[in-house]
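Working notes, structure below.
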Amino acid sequence: MVEKLDLNTPEYAQLEERIQQNQLLVQELNTQVHDAAAVRELVSQITGRPVDESTEIRLPFYTDCGVRIHLGKRVFINSNCMFTDLGTITLEDDALIGPNVTMATVNHRRNPAERRHLDLAPIVIKRRAWVGANATITPRVTIGENAIVAAGAVVTKDVAANTIVGGIPARVIGRI
(Lines give C-alpha, C1' and ligand atoms only; values in the text may rest on other atoms or scores of the structure.)
Protein backbone atom coordinates (compact mmCIF):
# COMPACT_ATOMS: atom_id res chain seq x y z
CA MET A 1 0.00 0.00 0.00
CA VAL A 2 1.29 3.45 -0.91
CA GLU A 3 0.54 6.36 1.37
CA LYS A 4 0.64 9.79 -0.25
CA LEU A 5 2.12 12.68 1.72
CA ASP A 6 1.74 16.11 0.15
CA LEU A 7 3.85 19.12 0.98
CA ASN A 8 2.09 22.06 2.67
CA THR A 9 -0.45 19.88 4.49
CA PRO A 10 -0.96 19.56 8.26
CA GLU A 11 0.20 15.92 8.07
CA TYR A 12 3.45 16.96 6.41
CA ALA A 13 4.03 19.74 8.95
CA GLN A 14 3.47 17.32 11.83
CA LEU A 15 5.89 14.81 10.34
CA GLU A 16 8.47 17.51 9.64
CA GLU A 17 8.33 18.53 13.32
CA ARG A 18 8.97 14.91 14.34
CA ILE A 19 11.89 14.70 11.89
CA GLN A 20 13.50 17.77 13.45
CA GLN A 21 13.18 16.24 16.94
CA ASN A 22 14.59 12.97 15.65
CA GLN A 23 17.63 14.65 14.12
CA LEU A 24 18.67 15.92 17.57
CA LEU A 25 18.48 12.36 18.95
CA VAL A 26 20.38 10.93 15.96
CA GLN A 27 23.12 13.54 16.40
CA GLU A 28 23.41 12.66 20.10
CA LEU A 29 23.52 8.96 19.25
CA ASN A 30 26.28 9.33 16.67
CA THR A 31 28.52 12.03 18.17
CA GLN A 32 29.13 10.64 21.64
CA VAL A 33 30.52 7.41 23.06
CA HIS A 34 27.82 5.02 24.32
CA ASP A 35 27.77 1.50 25.69
CA ALA A 36 25.30 -0.99 24.18
CA ALA A 37 22.60 -0.23 26.78
CA ALA A 38 22.83 3.52 26.11
CA VAL A 39 22.59 2.91 22.36
CA ARG A 40 19.43 0.85 22.88
CA GLU A 41 17.99 3.58 25.14
CA LEU A 42 18.62 6.32 22.57
CA VAL A 43 17.22 4.18 19.76
CA SER A 44 14.20 3.51 21.98
CA GLN A 45 13.68 7.27 22.19
CA ILE A 46 14.10 7.54 18.41
CA THR A 47 11.58 4.78 17.67
CA GLY A 48 9.21 5.64 20.51
CA ARG A 49 9.20 2.05 21.76
CA PRO A 50 11.60 -0.12 23.80
CA VAL A 51 14.42 -1.85 21.95
CA ASP A 52 14.89 -5.37 23.28
CA GLU A 53 18.15 -5.96 25.15
CA SER A 54 18.97 -8.79 22.71
CA THR A 55 19.14 -6.30 19.81
CA GLU A 56 22.50 -4.81 18.82
CA ILE A 57 22.95 -1.62 16.81
CA ARG A 58 26.43 -0.53 15.72
CA LEU A 59 27.08 3.16 15.22
CA PRO A 60 26.77 5.32 13.32
CA PHE A 61 23.08 4.72 12.65
CA TYR A 62 20.90 7.14 10.69
CA THR A 63 17.16 7.59 10.32
CA ASP A 64 14.97 10.46 9.20
CA CYS A 65 11.79 9.95 11.23
CA GLY A 66 12.51 7.10 13.64
CA VAL A 67 9.02 6.45 15.00
CA ARG A 68 8.14 4.27 12.03
CA ILE A 69 10.89 1.72 12.75
CA HIS A 70 9.82 -1.56 14.40
CA LEU A 71 12.59 -3.85 15.70
CA GLY A 72 12.14 -7.45 16.78
CA LYS A 73 14.32 -9.45 19.15
CA ARG A 74 17.92 -10.47 18.45
CA VAL A 75 18.15 -8.01 15.55
CA PHE A 76 21.65 -6.97 14.49
CA ILE A 77 22.21 -3.71 12.59
CA ASN A 78 25.81 -3.09 11.54
CA SER A 79 27.41 0.34 11.25
CA ASN A 80 26.57 3.20 8.90
CA CYS A 81 23.03 2.15 7.99
CA MET A 82 20.44 4.65 6.75
CA PHE A 83 16.76 3.96 7.42
CA THR A 84 14.46 6.38 5.61
CA ASP A 85 11.45 5.16 7.54
CA LEU A 86 8.59 7.53 6.73
CA GLY A 87 6.79 4.60 5.09
CA THR A 88 7.60 2.17 7.95
CA ILE A 89 10.47 -0.30 8.32
CA THR A 90 9.92 -3.57 10.19
CA LEU A 91 12.79 -5.86 11.13
CA GLU A 92 11.43 -9.11 12.54
CA ASP A 93 13.23 -11.34 15.05
CA ASP A 94 16.79 -12.43 14.20
CA ALA A 95 17.12 -10.13 11.16
CA LEU A 96 20.72 -9.28 10.24
CA ILE A 97 21.56 -5.98 8.53
CA GLY A 98 25.07 -5.51 7.11
CA PRO A 99 27.10 -2.31 7.13
CA ASN A 100 26.17 0.60 4.85
CA VAL A 101 22.69 -0.75 4.11
CA THR A 102 20.11 1.77 2.91
CA MET A 103 16.41 1.16 3.41
CA ALA A 104 14.32 3.82 1.69
CA THR A 105 10.54 3.80 2.13
CA VAL A 106 10.07 7.11 0.31
CA ASN A 107 9.64 7.88 -3.38
CA HIS A 108 9.17 11.26 -5.02
CA ARG A 109 6.52 11.54 -7.70
CA ARG A 110 7.36 11.33 -11.39
CA ASN A 111 5.37 14.42 -12.34
CA PRO A 112 7.84 17.34 -12.03
CA ALA A 113 5.08 19.63 -10.71
CA GLU A 114 4.53 17.18 -7.82
CA ARG A 115 8.14 16.08 -7.32
CA ARG A 116 8.40 17.47 -3.76
CA HIS A 117 5.37 15.41 -2.67
CA LEU A 118 6.08 11.96 -1.27
CA ASP A 119 4.79 8.44 -1.83
CA LEU A 120 5.47 6.22 1.19
CA ALA A 121 5.47 2.42 1.24
CA PRO A 122 6.74 -0.07 3.85
CA ILE A 123 9.76 -2.34 3.93
CA VAL A 124 9.55 -5.62 5.88
CA ILE A 125 12.53 -7.81 6.69
CA LYS A 126 11.18 -11.17 7.86
CA ARG A 127 12.59 -13.53 10.50
CA ARG A 128 16.20 -14.66 10.10
CA ALA A 129 16.67 -12.73 6.85
CA TRP A 130 20.13 -11.31 6.15
CA VAL A 131 20.74 -8.12 4.18
CA GLY A 132 24.39 -7.92 3.10
CA ALA A 133 26.73 -4.93 3.13
CA ASN A 134 25.96 -1.96 0.89
CA ALA A 135 22.57 -3.32 -0.20
CA THR A 136 19.69 -0.95 -0.96
CA ILE A 137 16.10 -1.92 -0.24
CA THR A 138 13.46 0.21 -1.96
CA PRO A 139 9.85 0.96 -0.95
CA ARG A 140 7.17 -1.74 -1.02
CA VAL A 141 9.63 -4.62 -0.58
CA THR A 142 9.40 -7.62 1.73
CA ILE A 143 12.45 -9.81 2.27
CA GLY A 144 11.13 -13.29 3.14
CA GLU A 145 12.08 -15.53 6.06
CA ASN A 146 15.64 -16.88 5.93
CA ALA A 147 16.31 -15.00 2.66
CA ILE A 148 19.74 -13.53 1.88
CA VAL A 149 20.35 -10.28 0.00
CA ALA A 150 23.90 -10.28 -1.40
CA ALA A 151 26.26 -7.40 -0.74
CA GLY A 152 25.70 -4.47 -3.07
CA ALA A 153 22.29 -5.64 -4.31
CA VAL A 154 19.51 -3.20 -5.13
CA VAL A 155 16.21 -4.84 -4.19
CA THR A 156 13.16 -3.42 -5.97
CA LYS A 157 10.80 -6.42 -5.67
CA ASP A 158 9.81 -8.86 -2.95
CA VAL A 159 12.25 -11.65 -2.14
CA ALA A 160 10.70 -15.06 -1.44
CA ALA A 161 11.52 -16.97 1.73
CA ASN A 162 14.64 -19.16 1.59
CA THR A 163 15.94 -17.36 -1.51
CA ILE A 164 19.28 -15.68 -2.23
CA VAL A 165 19.24 -12.56 -4.43
CA GLY A 166 22.01 -10.35 -5.78
CA GLY A 167 22.78 -7.80 -8.45
CA ILE A 168 21.30 -4.57 -9.76
CA PRO A 169 18.41 -4.97 -9.88
CA ALA A 170 18.44 -7.97 -7.55
CA ARG A 171 17.51 -11.32 -9.05
CA VAL A 172 17.45 -14.85 -7.70
CA ILE A 173 20.93 -16.40 -7.59
CA GLY A 174 20.25 -19.32 -5.24
CA ARG A 175 17.99 -21.14 -2.81
CA ILE A 176 18.47 -22.17 0.78
Side-chain angles (χ1 to χ4, degrees), residues 15 18-108 118 120-159 164-170:
L15 203 49
R18 172 59 193 154
I19 290 169
Q20 295 308 316
Q21 294 168 353
N22 183 60
Q23 290 310 297
L24 296 174
L25 291 169
V26 170
Q27 288 172 15
E28 181 180 344
L29 178 69
N30 291 322
T31 60
Q32 298 178 25
V33 177
H34 305 286
D35 63 18
V39 168
R40 284 190 303 275
E41 175 55 34
L42 279 164
V43 175
S44 294
Q45 290 177 44
I46 288 168
T47 63
R49 63 189 58 78
V51 173
D52 191 83
E53 67 180 25
S54 64
T55 290
E56 182 178 353
I57 301 167
R58 299 269 173 95
L59 303 180
F61 172 77
Y62 303 100
T63 178
D64 58 353
C65 181
V67 295
R68 294 184 175 188
I69 296 173
H70 304 275
L71 301 174
K73 295 179 180 176
R74 297 172 305 281
V75 168
F76 176 77
I77 301 170
N78 213 324
S79 60
N80 208 39
C81 289
M82 176 62 197
F83 287 14
T84 306
D85 66 292
L86 293 175
T88 306
I89 295 173
T90 302
L91 304 181
E92 294 185 357
D93 295 346
D94 301 301
L96 301 175
I97 309 300
N100 303 308
V101 167
T102 297
M103 294 193 198
T105 64
V106 175
N107 261 332
H108 294 273
L118 304 175
L120 313 175
I123 292 172
V124 178
I125 310 298
K126 294 288 198 173
R127 293 183 54 179
R128 294 180 305 277
W130 170 24
V131 179
N134 296 301
T136 298
I137 313 299
T138 63
R140 221 178 315 174
V141 166
T142 296
I143 308 297
E145 282 194 23
N146 305 314
I148 298 172
V149 175
V154 176
V155 183
T156 60
K157 296 181 180 177
D158 289 349
V159 176
I164 304 168
V165 299
I168 302 173

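The figures that follow rest on heavy atoms only: side chains count, while hydrogens, waters and symmetry mates do not. Not measured: the values here are computed from a predicted model.
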Side chain of [X], backbone of [Y]: donor and acceptor closer than 3.5 Å?
{"X": "Asn22", "Y": "Arg18", "result": "no"}
{"X": "Gln23", "Y": "Thr63", "result": "yes"}
{"X": "His34", "Y": "Glu41", "result": "no"}
{"X": "Thr156", "Y": "Ala170", "result": "no"}

Of all heavy-atom pairs between [X] and [Y], which one has the smallest distance, and what is that distance?
{"X": "Asp94", "Y": "Arg74", "result": "OD1-NE, 2.8 Å"}
{"X": "Ile123", "Y": "Ile137", "result": "CD1-O, 3.5 Å"}
{"X": "Asn100", "Y": "Cys81", "result": "N-SG, 4.1 Å"}
{"X": "Ile69", "Y": "Arg49", "result": "O-NH1, 2.7 Å"}
{"X": "Thr105", "Y": "Thr88", "result": "CG2-O, 3.5 Å"}
{"X": "Asp35", "Y": "Ala38", "result": "OD1-N, 2.8 Å"}

Could you tell me whether Asp93 and Arg127 have a side-chain N and a carboxylate O separated by less than 4.0 Å?
-> no
Just one of Asn78, Val149, Ile57, Leu91 clears the side-chain contact (heavy atoms from CB on, under 4.5 Å) bar with Ile97, so which one?
-> Leu91
Would a 4.5 Å heavy-atom cut-off, applied to side chains only, mark [X] and [Y] as touching?
{"X": "Thr90", "Y": "Pro122", "answer": "no"}
{"X": "Asn80", "Y": "Tyr62", "answer": "yes"}
{"X": "Val141", "Y": "Lys157", "answer": "no"}
{"X": "Val26", "Y": "Ile46", "answer": "yes"}
{"X": "Val51", "Y": "Ser44", "answer": "yes"}

So how far is it from [X] [atom1] to [Y] [atom2], rounded to the nearest 0.5 Å?
{"X": "Lys126", "Y": "Asn146", "atom1": "NZ", "atom2": "CG", "result": "12.0 Å"}
{"X": "Met103", "Y": "Ile143", "atom1": "CE", "atom2": "CD1", "result": "8.0 Å"}
{"X": "Leu42", "Y": "Leu25", "atom1": "CG", "atom2": "CG", "result": "7.0 Å"}
{"X": "Ile19", "Y": "Asp85", "atom1": "CD1", "atom2": "CG", "result": "8.5 Å"}
{"X": "Asp158", "Y": "Thr142", "atom1": "CG", "atom2": "OG1", "result": "4.5 Å"}
{"X": "Leu120", "Y": "Leu15", "atom1": "CG", "atom2": "CG", "result": "7.5 Å"}

Kindly check if the number of other-residue, nucleotide or ligand heavy atoms within 6.0 Å of CD (Gln21) is above 12?
-> yes
Restricting to pairs with a member in residues 68-96, which pass ring-ring contact (aromatic ring centres under 6.0 Å, His included), not counting sequence neighbours?
-> Phe61-Phe83
Can Ile77 and Leu71 be said to form a side-chain contact (heavy atoms from CB on, under 4.5 Å), step by step?
-> CA-CA 10 Å; Ile77 301 170; Leu71 301 174; 4.1 Å; yes
